[in-house]
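Just so we're clear, the structure is a prediction, and the values are computed from it rather than from any experiment. Residue indices begin at 1 and follow the sequence shown.
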Amino acid sequence: MEEATVSQEPGVARGLANQATKRAAKKAITTAAKSPVGMKLMIILGLILVVMIILVIFLGGMFMAALSGDSTTFSKGAQISEVGLTAIPPEFLEYYREAEAMFGVPWNILAAVHRVETEFSTNMVESSAGAVGAMQFMPCTWVGWSHPTCGGLGKGDFSESELKDPAVVARYGGYGTDGDGDGIPDPWNNKDAIMSAAKYLAANGAASGKVKKALYAYNNSSDYVEDVLAFANDYIQGAVPVFSNEGSAWPSPAATIITSGFKMRWGKQHQGVDIAAPGDSTGIPIVSFLPGTVSFSGVRGGYGNCIMIDHGNGLVTLYGHMQHPSSFSSGDSVEAGQYIGNIGNTGGSYGAHLHFEIRIDGTAIDPLPYLLVFNPSIQDPDI
């Protein structure tokens with residue numbers, strides 16, 4: 001007991017010292033505030049604090065507005081575009097339309113989520129975070145976050161039978177939905193997954209126009225939001241007409257393999273697709289994707305020898321890593337399928353290939369939906 005008493009004395013001393021220090025600091029601040037210089041300093045500090053608060057509120061409002069922004073491009077009942085007819089497996093269209101009718105989420109948004117998540121159910125491998133099924137739901141979102149094993153990213157601890165048990169989903173308030181009426185909410189069942197995604201997006205504002213906000217809630221990534229919106233825009237009429245089956249040409253007729261897609265790569269966005277030259281050989285012809293007017297021809301940073309063609313309506317295509325500068329100059333007109341140069345290995349390139357981009361109003365978008373009509377061989381496992 002005596003040892004305990006002695007051991008407490010330093011703590012008591014420290015406490016008294018702290019109190020004395022606080023009183024001295026308070027007195028010093030009060031004295032400084034009463035002086036003219038101190039008053040000015042306090043006013044300046046106060047103004048800085050107010051400005052910082054206003055700035056935080058303003059930036060936060062801008063961020064939320066960006067996520068909540070609506071666009072007529074994503075209105076319900078939109079007609080499918082030629083790109084959509086080519087890219088979307090027809091058996092899923094009725095599911096998207098039915099989900100739109102039931103939950104109010106535009107069908108093309110659902111189609112785009114399906115495309116980005118699992119390439120229309122052709123790649124339903126469990127994600128690194130634990131998302132499963134046709135629309136890549138986290139198990140806790142499917143079953144319900146009130147489940148005792150849920151936390152963190154939401155993988156939880158579920159058996160497959162629990163994920164498909166309607167009583168479990170009902171008990172824990174999940175988004176898992178029995179879309180096809182067989183009594184089983186199955187995340188690997190296409191219709192169930194699509195209906196569940198519509199239910200989730202609707203709950204997060206997509207049915208009332210807050211599409212960006214809802215998509216961000218779905219994946220918590222601004223890059224993901226932009227990817228989905230790009231596909232969604234492509235799938236409906238009224239989007240910029242990028243090609244018609246009769247009016248476009250594959251950019252390099254003798255090279256048909258896509259080795260790298262539009263994705264994050266080496267810490268930054270890869271803004272186009274890479275079309276590999278057979279045998280890593282240079283000199284294979286490149287042709288214009290669409291008719292247009294050359295807007296740039298020369299060396300352009302990491303693109304190396306490069307040509308850009310303006311097709312009107314804000315649409316521009318870019319062809320990078322060419323073997324030599326193109327013989328075409330700015331202002332020259334070209335037709336779809338017309339020779340414009342050769343595949344090379346210039347600029348930031350690690351092998352002979354064509355880097356092909358599509359830009360709309362200066363922003364690069366995924367070219368793949370516009371190239372699928374040519375049935376390329378895709379060797380990038382991420383697309």
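- Aromatic ring centroids of Y370 and F289 lie 6.0 Å or more apart.
- E162 and R171 are not joined by a salt bridge, as no carboxylate oxygen comes within less than 4.0 angstrom of a charged side-chain nitrogen.
- Here the straight-line distance linking atom CD1 of I184 with atom CG of L163 works out to 12.5 Å at 0.5 Å rounding.
- Under the 4.5 Å side-chain criterion, counting only non-hydrogen atoms from C-beta, V299 is in contact with N305.
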From CA spacing to verdict: side chain to side chain contact (heavy atoms under 4.5 Å, CB included), I88, L93: CA-CA 8 Å; I88 301 171; L93 287 172; 3.8 Å; yes

Side chain to side chain contact (heavy atoms under 4.5 Å, CB included) between L110 and F92, worked out: CA-CA 10 Å; L110 297 171; F92 296 133; over 6 Å; no

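- For the pair Y339 and P285, the tightest heavy-atom approach, listed with the atom from each and the gap, is CD1-CB, 4.0 Å.
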Residue pair H353, T259: steps toward the side chain to side chain contact (heavy atoms under 4.5 Å, CB included) verdict: CA-CA 9 Å; H353 71 282; T259 56; 5.6 Å; no

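- You'll find the side chain of N233 stays beyond 4.5 Å of the side chain of I365, heavy atoms only.
- By the 4.5 Å heavy-atom criterion applied to side chains, Q338 and F328 are counted as neighbours.
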Stepwise side chain to side chain contact (heavy atoms under 4.5 Å, CB included) test for H311 and S288: CA-CA 10 Å; H311 308 287; S288 178; 4.1 Å; yes

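- Hydrophobic clustering (side-chain heavy atoms under 4.5 Å, transitive across Ile, Leu, Val, Met, Phe, Trp, Tyr) keeps V316 apart from I358.
- Heavy atoms only, all atoms of each residue included: N342 and G283 are closest at ND2-O, 2.8 Å.
- A search for side chain to side chain contact (heavy atoms under 4.5 Å, CB included) contacts involving E91 returns P89, not counting sequence neighbours.
- Two different hydrophobic clusters hold V287 and I258 under the rule that ILVMFWY side chains link at heavy-atom gaps under 4.5 Å.
- The two residues D182 and D180 have their closest heavy-atom pair at OD1-OD1, 2.9 Å.
- Residues L215 and I109 meet the side-chain proximity criterion, which asks for heavy atoms closer than 4.5 Å.
- Linking ILVMFWY side-chain heavy atoms closer than 4.5 Å, directly or via other members, places V211 and I194 in a single hydrophobic cluster.
- For the atom pair CD1 of I307 and OG of S297, the computed distance is 4.5 Å after rounding to the nearest 0.5 Å.
- No side-chain N or O of Y95 forms a donor-acceptor pair with one of H114 less than 3.5 Å apart.
- Side-chain atoms of I309 and I340, non-hydrogen and from C-beta on, do get closer than 4.5 Å to each other.
- When all heavy atoms of N313 and D361 are compared, the closest pair comes out as O-OD1, 4.5 Å.
- Between L371 and F356 the shortest side-chain heavy-atom distance falls below 4.5 Å.
- Judged as a side chain to side chain contact (heavy atoms under 4.5 Å, CB included), and not counting sequence neighbours, the contacts of Y224 are V113, V116, E117, Y218, N219, S221, V228.
- The CZ atom of F231 sits 4.0 Å away from atom CG of D366, with the distance rounded to the nearest 0.5 Å.
- The side chain to side chain contact (heavy atoms under 4.5 Å, CB included) check on T141 picks up F137, M138, W145, Y175, Y200, with sequence neighbours excluded.
- Rounding to the nearest 0.5 angstrom, the gap separating the CD1 atom in I378 from the OG atom in S260 is 11.5 Å.
- The number of heavy atoms from other shown groups lying within 6.0 Å of CG (L153) does not exceed 12.
- Listed here is the closest heavy atom pair of G151 and C140: N-SG, 4.4 Å.
- Looking only at side-chain heavy atoms (C-beta outward), M195 and F103 come within less than 4.5 Å of each other.
- In this structure, the side chains of K210 and N204 stay at 4.5 Å or more apart for every pair of heavy atoms.
- The two residues T177 and K199 come nearest to each other via the heavy atoms OG1-CD, 3.6 Å.
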